[in-house]
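Comments concern the structure below.
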Amino acid sequence: DDFVKSNHIIIPEIIEDNLASITYTLDGNLIQLNSTGLDTSTLDDGKHSLTINAVDKFGLTNLEVFSFTLDSKYPTLELQSKNNTIVSKRLDIQVSISDQNLPTSNYLSFLLPNGERIVDQKSYSFDVGDLEEGEYSIDISIQDMAKNNLLSKIMFEIDHSVVDPP
């Protein structure tokens, strides 16, 4: 099954020189499709199937079924670390995420100020001892299998004179 966002347009491509007729059924119901395709924004979230039945002028039939899962919901992110905090040696990053259709890998990413990317770790201790004092941010990105994407930031300040909590 393919996962699609709710703004996805499905445009079937029929390659047949001698096409006589074509019928489309969506979830068992006969539908009309024009050149603009199937607008999935009118469908409910969940599994769907589009069946295409093409008949050429010689009576030969070709039937194809395309199954897909519609996902209009964005992942949710709860930042469990403190935002806008002041640290000296390390910043502890902790997030909680939820989504019905998260992939098994490459769904969560932290882009650190030093250019390093941390993938699929909901908890991470970032060593900031080598960075200069000042204000920084960490970009957080979450993406589900339908490519619904959520972006967030953690803002923090480095001050080497403060003592980090244990």
Just verifying a value: how many Å separate [X] [atom1] and [Y] [atom2], rounded to the nearest 0.5 Å?
X	Y	atom1	atom2	result
D2	F68	CG	CZ	9.5 Å
N53	T23	CG	OG1	4.0 Å
M145	Q100	CE	CD	10.0 Å
Q32	N34	CD	CG	9.0 Å
I15	N62	CD1	CG	11.0 Å
K82	L91	NZ	CG	11.5 Å

Would you say [X]'s side chain and [Y]'s backbone share a donor-acceptor pair under 3.5 angstrom?
X	Y	result
S141	L151	no
N83	M155	yes
S81	Q94	yes
T42	D39	yes

Flag side-chain contact, heavy atom, 4.5 Å: [X] against [Y]:
X	Y	result
P12	L33	yes
V119	L108	no
E13	I11	no
I154	N84	no
L38	L26	yes
I138	I93	yes
Y74	T76	no
I140	K153	no

**Q.** Exceeds 12 heavy-atom contacts within 6.0 angstrom, atom CG of D44
**A.** no
Q: Determine, step by step, whether Y107 and D144 satisfy the side chain to side chain contact (heavy atoms under 4.5 Å, CB included) criterion, reporting the C-alpha distance in whole Å, the side-chain angles of both residues, the deciding distance to 0.1 Å, and the verdict.
A: CA-CA 6 Å; Y107 60 90; D144 67 15; over 6 Å; no
Q. Which residues satisfy the ring pair (Phe, Tyr, Trp, His ring centres under 6.0 Å) test with F156, sequence neighbours excluded?
A. Y136
Have [X] and [Y] got a donor and an acceptor in their side chains that come within less than 3.5 Å?
X	Y	result
N101	D71	yes
D45	S72	yes
S125	D92	yes
S67	S49	no

Taking all atoms of both residues into account, what is the closest heavy-atom pair of [X] and [Y], and its distance?
X	Y	value
L70	H48	CB-CD2, 4.1 Å
N149	Q143	ND2-OE1, 3.5 Å
H160	E132	NE2-C, 4.4 Å
L79	V95	CD1-CG1, 3.9 Å
P75	L150	O-CD2, 3.4 Å
L131	I158	CB-CD1, 3.6 Å

**Q.** Partner set under side-chain hydrogen bond (donor to acceptor under 3.5 Å, both in side chains) for T104, not counting sequence neighbours
**A.** none
Examine [X] and [Y] and state if one hydrophobic cluster contains both, with Ile, Leu, Val, Met, Phe, Trp and Tyr joined whenever side-chain heavy atoms are less than 4.5 Å apart.
X	Y	value
L19	I52	yes
L50	I14	yes
I10	L43	yes

Q) Between N114 and F126, is a side chain to side chain contact (heavy atoms under 4.5 Å, CB included) present by the stated rule, with each step listed? A) CA-CA 10 Å; N114 60 6; F126 176 38; 3.8 Å; yes
**Q.** side chain to side chain contact (heavy atoms under 4.5 Å, CB included) between I31 and T25, intermediate numbers included
**A.** CA-CA 5 Å; I31 61 168; T25 56; 6.0 Å; no
**Q.** Test: D99 and K73 ion pair at under 4.0 Å
**A.** no
Q: Answer yes or no: is there an ion pair linking D127 with R90, defined by an N-O contact shorter than 4.0 Å?
A: no
Q) Can you list the residues that meet the side chain to side chain contact (heavy atoms under 4.5 Å, CB included) rule with I118, with sequence neighbours excluded? A) F110, L112, E116, Q121, Y124
Q) Knowing that exactly one of V55, D56, I22 qualifies, which makes a side chain to side chain contact (heavy atoms under 4.5 Å, CB included) with E16? A) D56
